[in-house]
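Note sheet for the following structure.
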Amino acid sequence: MAGSLGLCGQQPYTDFELSLEQVSHSFGKRRVLTSVSAAVRAGQVMVVTGPNGSGKSTLIKIAARLIRPASGRVVWRAGGRELGMDAAKGVVGLVSPELTLYDELTAIENLLFFARVRGWSGHGLVRWRGLAGAEDVAAGGGARARARAILEQVGLEGRGDDLVGTYSSGMKQRLKYAFALMHSPALLLLDEPTANLDEAGTEIVRRIIAEARGSACVVVATNEPEEVTWGDAVIRLGGVA
Amino acid sequence: MTPSSDSGAWRKAWAVFVKDITSEFRTRYALSAVLLFAVTALAVVSFSVSPYSLEPDAQSAFLWTVLFFSAMTGLARSFVREEESRTVLALRLSAAPDDVYLGKLMFNAALQGAVALVVVPLFLVLMDITPVAPGVLAASAALGTLALAASSTIVAAIVSKAKSKGALFAVLAFPISVPGLASAVRSTTVALRGAGGAGTAVAVGVAGAAARTTGVAVARSASAMAAARGDLLALTAYSVLMIAASLLLFDFVWNE
Ligand SMILES: Nc1ncnc2c1ncn2[C@@H]1O[C@H](COP(=O)(O)OP(=O)(O)OP(=O)(O)O)[C@@H](O)[C@H]1O
Ligand SMILES: [Mg+2]
């Protein structure tokens with residue numbers, strides 16, 4: 001498994017920055033987050049930790065702009081300006097237990113589908129090319145070549161044409177990394193990054209994070225003591241009242 | 001974001017459509033439920049009612065009742081399924097709302113079109129009907145299919161977010177679909193019966209002229225087309241309005 005994952009230098013934003021400004025959130029009457037502030041720049045890893053139910057996954061979804069916080073602001077900044085909502089589809093790479101890919105599609109079909117709805121088309125290709133060679137540019141060959149290359153990086157080579165429904169839980173977790181990395185995200189959000197992974201899988205995650213440090217913002221939500229040490233900064237969320 | 005603001009928008013919507021079609025072919029998730037319902041309903045009524053005891057307007061209403069409930073059993077699943085299999089998170093993360101809506105609309109229209117292609121001929125055979133104006137029937141079926149796809153797509157999107165999905169679907173689907181259905185039923189009645197009745201003086205005049213030159217069948221079908229024109233236009237307008245409103249509304253539904 002040699003070679004680059006293609007994270008570095010491929011994405012449109014090299015100076016991406018995520019700021020959470022006094023973010024609070026409640027589900028109904030249950031207060032989950034109270035005035036959380038933090039900032040991560042490209043090249044940094046932020047770890048979010050705390051007991052079960054303390055709001056780690058909620059904070060990850062807020063950072064991904066999948067949930068609008070009840071109060072406070074999530075700011076994505078790059079190239080000296082704030083990015084609007086329309087940037088969202090190209091920015092985030094998410095790995096999460098709540099994420100599910102299509103069981104009735106193969107791994108390659110899943111990756112190609114998400115690449116296409118993200119706009120991987122003729123003219124967008126240069127930006128997205130990543131691992132694919134220039135000879136693959138024609139007619140979606142670029143996306144397919146990249147999907148194959150990424151599957152190899154996460155140790156799923158040879159299984160790309162199997163239906164995802166037939167995957168084991170660890171294989172599904174590896175595939176989520178392929179899904180998250182396909183478009184060279186500027187913001188990599190990892191909720192329970194090593195769930196279901198074996199030692200080799202955990203090693204792949206370490207390598208991905210090491211490589212993402214080259215240019216992406218990484219946020220990791222975890223309860224594993226070892227993973228907490230990955231962070232340049234650590235946010236500890238309290239228990240629920 | 002509007003589809004026209006981005007040259008790749010149709011390609012993205014197309015990707016959603018192809019994904020849904022692929023899933024559907026592999027699982028027959030919607031089609032089996034829909035066809036089972038439609039064929040059963042047609043068979044039950046045609047075996048228990050003498051073909052000649054129903055007037056064209058009752059036949060037409062029956063046909064659209066079957067098509068409506070087929071749409072509502074099958075098409076509802078397109079969003080509910082993303083929600084239930086929890087793939088909606090990955091989709092929301094990757095796809096813009098308009099692309100998802102248009103892709104789902106195309107899928108629902110294709111599915112409903114396939115159902116109509118089975119149900120309408122079967123209906124004609126089982127009920128022993130020879131339509132007076134086949135062209136009007138085809139136009140009614142095609143436009144009605146689009147109308148049903150448009151209304152059920154947005155209703156399904158709204159309902160997929162709700163807890164008690166079944167009940168809400170019925171409550172919403174009814175008022176939203178009724179205007180389109182009413183037009184479809186009327187134009188289909190004309191297709192089955194011809195342009196009899198009041199208010200078609202002009203059409204009959206045209207038909208009279210045509211009859212002398214090209215024969216009675218063509219004349220009847222021309223007059224039927226003239227008589228059904230208003231309803232077919234209303235059906236088209238209904239679909240256009242429904243799709244435009246859905247594009248506006250869908251952003252809110254999709255992002256909660
Ligand atoms: N969609 C939701 N509706 C209602 N309550 C929710 C929802 N999502 C999360 N919660 C509540 O918010 C709180 C925080 O949940 P969250 O999933 O963010 O915790 P977590 O820190 O990720 O926990 P874990 O370590 O178990 O993964 C919990 O009390 C949970 O019940
Ligand atoms: Mg969690």
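Computed from heavy atoms alone, side chains included, the values below leave out hydrogens, waters and symmetry copies. Below, chain A is the first sequence line, B the second, and so on; all start at residue 1.
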Count the heavy-atom pairs under 4.5 Å between each of A/Arg65, A/Glu98, A/Lys176 and chain B, then report the option with the highest count. A/Glu98

Greatest number of heavy atom pairs closer than 4.5 Å to chain B - which of A/Leu105, A/Leu163, A/Val92: A/Leu105

Hey, does the side chain of A/Arg118 reach the backbone of B/Ala95 with a donor-acceptor pair shorter than 3.5 angstrom?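 Checked: no pair found.
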
If one checks every heavy atom of B/Arg86 against chain A at 4.5 Å, the contacting part turns out to be both

Side chain, backbone, both or neither: which part of B/Ser23 has a heavy atom under 4.5 Å from chain A? both

Which distance, rounded to the nearest 0.5 Å, do you find between the [atom1] of [X] and the [atom2] of [Y]?
| X | Y | atom1 | atom2 | answer |
| --- | --- | --- | --- | --- |
| A/Lys89 | B/Ser94 | NZ | OG | 8.0 Å |
| B/Thr27 | A/Tyr102 | OG1 | OH | 12.5 Å |
| B/Leu93 | A/Leu99 | CG | CG | 7.0 Å |

Could you pull out the closest heavy-atom pair between [X] and [Y], with the gap in Å?
| X | Y | result |
| --- | --- | --- |
| A/Arg116 | B/Ala15 | CB-CB, 3.7 Å |
| B/Ala90 | A/Thr100 | CB-O, 4.0 Å |
| A/Leu94 | B/Leu89 | CD2-CD2, 4.1 Å |

B/Lys19 with A/Glu104: basic N within carboxylate O range, under 4.0 Å: no

For A/Val117 and B/Val16, run side chain to side chain contact (heavy atoms under 4.5 Å, CB included): C-alpha distance rounded to whole Å, both residues' side-chain angles, the deciding distance at 0.1 Å, then the answer. CA-CA 7 Å; A/Val117 293; B/Val16 174; 3.7 Å; yes

With chain A, which of B/Thr22, B/Leu91, B/Val18 has the greatest number of heavy-atom pairs at distances under 4.5 Å?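 Heavy-atom pairs under 4.5 Å are most numerous for B/Leu91.
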
With a cut-off of 6.0 Å (strictly less than), are more than 12 heavy atoms of other residues, nucleotides or ligands near [atom1] of [X]?
| X | atom1 | answer |
| --- | --- | --- |
| A/Phe27 | CZ | yes |
| B/Phe37 | CZ | yes |
| A/Glu82 | CD | yes |

